[in-house]
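Comments concern the structure below.
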Amino acid sequence: MAEMNPFKIAQQQLDESAKKLGLDQATHEFLRWPQREYRFTLPVKMDNGRTRVFHAYRVQYNGARGPTKGGLRWHPDETIDTVRALAAWMTWKCAVVNIPLGGGKGGVTCNPKEMTETEKERLARAYIRAVARELGVHRDVPAPDVYTNPQIMAWMMDEYETILGESHPGVITGKPIAIGGSQGRGDATARGGVYVVREASQKIGLDPTKATYAVQGFGNAGQYAATLHNEILGGGRLVAVSDSSGGVVNKDGIDPEEIVRFKLETGKVSGFPGTKAITNEELLELDVDILYPAALEGVITDANAGNIKAKLICELANGPTTPGADEILHGKGTLILPDFLANAGGVTVSYFEQVQNTYNYYWSLEHVHEQLDRRMTDAFNAVFDTREKAKAHMRLAAYMVSVTRVAEACKLRGWV
Ligand code: GLU
């Protein structure tokens, strides 16, 4: 079904913007497809001595604006189409924050929750051995995403440098700080999202210090969104949180720091003292001002969009809203901060990390925050202005900004 295939959705979103922009046919067709894609079969020795075979991908969607850039996701449901969609969204993401990078994405179909650290290390190194010749600071640069983390980036960088026999810290971002990572990369995705919530709230007259908010998905982005909303905006009441094993709610408020601690200690949010259990689906329909979907794609569909009460949706996840749901929400006047704008903070600080790696000189945390705030605020304003001028909804406006920039680069290169 087109509705649930993320790549079909990504193409459909592009089609809508191409039409609105009056994009010429060749450029439109070119931008509908990845420029290059790789599929790998990776045999990995497990701790019990048996070999397991993993299927893996890397998609280099569009490199007109610079080396392709994007995370590596390890998930049981990964397919070539999820990776293609995510790579397309990376292209629009780098363009909307106006960083000189193209879009790419990688994926391995696996369940890291059932793997030991040594098995993960062997898988990480196997992946790099397969893809190394296609990567490089000036080619394609991976980073963390769902179920991958700085430790996995460290193993990957080490494998890459071992193969080349040279130092190449900029080949991968989201590294631990001790080996060339940037200050502020850890919470950058959520921080960027909260910066755009701050800007959007002003536009719609919502006081974020009095607003209630709920977070769906409690990995890196969700955990930091819960705490940074209060820290950056100076208030707000977190009322519900969920992860893949279920959710919890307390209308009087949940202490963000405490629930993050609980999650880190127990591995889930369920059972957090003073809360009632709810499902992920129920969380999305709660009567809150701001919703942060921070898990996976396809959770807000035309089946539940009509019941969503939030005034503002900050999409920290990639692709959480299907096109059918988009239409319903826009019709109701919900302001959506679309994924590739709302969650662009991560790749923006990845770009800062690469810049620092290149000149081998490192910035302070304050400098990273200042630069990130400027990029996110400028991106929000570019999209919001386009929304007003073109009378488009936010996602379409974001596409219009990004597609215009990528199309210009393709044309200047003489590709189309
Ligand atoms: N995986 C993150 C994203 O989807 C970050 C990508 C990067 O830093 O390259 O935006």
Side-chain angles (χ1 to χ4, degrees), residues 6 10 57-63 65-75 78 82-108 131 135-137 139-150 152-153 156-157 169-176 180-193 195-196 217 219-222 224-225 293-297 314-320 337-357 368 371-372 375-376 379 398 402:
Y57 311 93
R58 184 76 191 168
V59 173
Q60 298 170 348
Y61 198 88
N62 186 289
R65 288 173 48 88
T68 48
K69 183 82 191 83
L72 173 63
R73 201 162 81 151
W74 285 5
H75 196 275
E78 217 59 70
T82 57
V83 183
R84 282 172 172 163
L86 291 158
W89 290 326
M90 283 309 304
T91 307
W92 316 131
K93 192 178 301 188
C94 292
V96 84
V97 280
N98 215 359
I99 55 181
L101 296 169
K105 201 82 173 195
V108 180
V131 76
L135 301 181
V137 186
R139 283 185 152 196
D140 183 18
V141 181
D145 200 276
V146 171
Y147 297 156
T148 57
N149 58 32
I152 294 174
M153 300 306 114
M156 291 192 173
M157 181 190 79
V171 73
I172 199 155
T173 60
K175 300 180 293 293
S182 176
Q183 295 283 347
R185 178 64 184 84
D187 71 12
T189 303
R191 178 174 291 274
Y195 288 151
V196 290
N220 175 282
Y224 281 120
L296 293 174
E297 59 272 7
C314 177
E315 296 183 338
L316 293 178
N318 288 311
L337 298 171
D339 49 8
F340 67 80
L341 167 66
N343 70 28
V347 75
T348 301
V349 177
S350 276
Y351 164 61
F352 298 158
E353 181 174 332
Q354 270 205 306
V355 170
Q356 296 168 76
N357 292 152
V368 170
Q371 294 292 314
L372 175 63
R375 297 267 176 180
M376 295 302 300
S402 295

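Order of listing sets the numbers, starting from 1, for every ligand and every atom in it.
When heavy-atom distances to ligand 1 are checked against a 4.0 Å cut-off, R185 comes that close only through its side chain, counted from C-beta outward. Under 4.0 Å from ligand 1, not a single heavy atom of A344 appears. Of all the heavy atoms of N318, the ones lying under 4.0 Å from any atom of ligand 1 belong exclusively to the side chain. Only the side chain of M90 comes within 4.0 Å of ligand 1, counting heavy atoms alone; its backbone N, CA, C and O stay farther away.
Y351 is not listed as a side-chain neighbour of V97, based on a closest heavy-atom distance of 4.5 Å or more. Counting heavy atoms from C-beta on, the side chains of V83 and L86 never come closer than 4.5 Å. Using a 4.5 Å heavy-atom cutoff, the side chains of R191 and V349 are not in contact. Contact annotation: the side chain of F352 approaches that of L372 to within less than 4.5 Å [non-hydrogen atoms, C-beta and beyond].
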Worked check of side chain to side chain contact (heavy atoms under 4.5 Å, CB included) between R73 and L296:
CA-CA 11 Å; R73 201 162 81 151; L296 293 174; 3.7 Å; yes

As a quick check of understanding, evaluate side chain to side chain contact (heavy atoms under 4.5 Å, CB included) for K105 and N318, giving each step before the final call.
CA-CA 12 Å; K105 201 82 173 195; N318 288 311; 3.8 Å; yes

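For a threshold of 3.5 Å applied to N or O pairs, the pair formed by K93 and ligand 1 contains at least one separation below that value.
Heavy-atom minimum distance, R185 versus S350: NE-OG, 2.9 Å.
Contact atoms of ligand 1 toward V347: 7 (C), 8 (O), 9 (O) (distance under 4.0 Å to a heavy atom of the residue). Counting the atoms of ligand 1 from 1 in the order shown, those under 4.0 Å from a heavy atom of S350 are 7 (C), 8 (O), 9 (O). Against a heavy-atom cut-off of under 4.0 Å, K105 is close to the following atoms of ligand 1: 1 (N), 3 (C), 4 (O). Those atoms of ligand 1 with a heavy atom of G70 less than 4.0 angstrom away are 9 (O). Of all the atoms in ligand 1, the ones that sit under 4.0 Å from a non-hydrogen atom of K69 are 7 (C), 8 (O), 9 (O).
Ring geometry, W92 versus Y61: the interplanar angle exceeds 60°, so the pair is classed perpendicular (tilted spans 30 to 60°).
Between K69 atom NZ and L101 atom CG the span is 7.5 Å, to the nearest 0.5 Å.
When the options L316, V146, T348, D145 are ranked by their closest heavy atom to atom 1 (N) of ligand 1, first place goes to D145.
The protein heavy atom nearest to atom 7 (C) of ligand 1 is A143 CB, 3.3 Å.
For the ligand labelled ligand 1, residue G174 lies outside the 4.0 Å heavy-atom shell.
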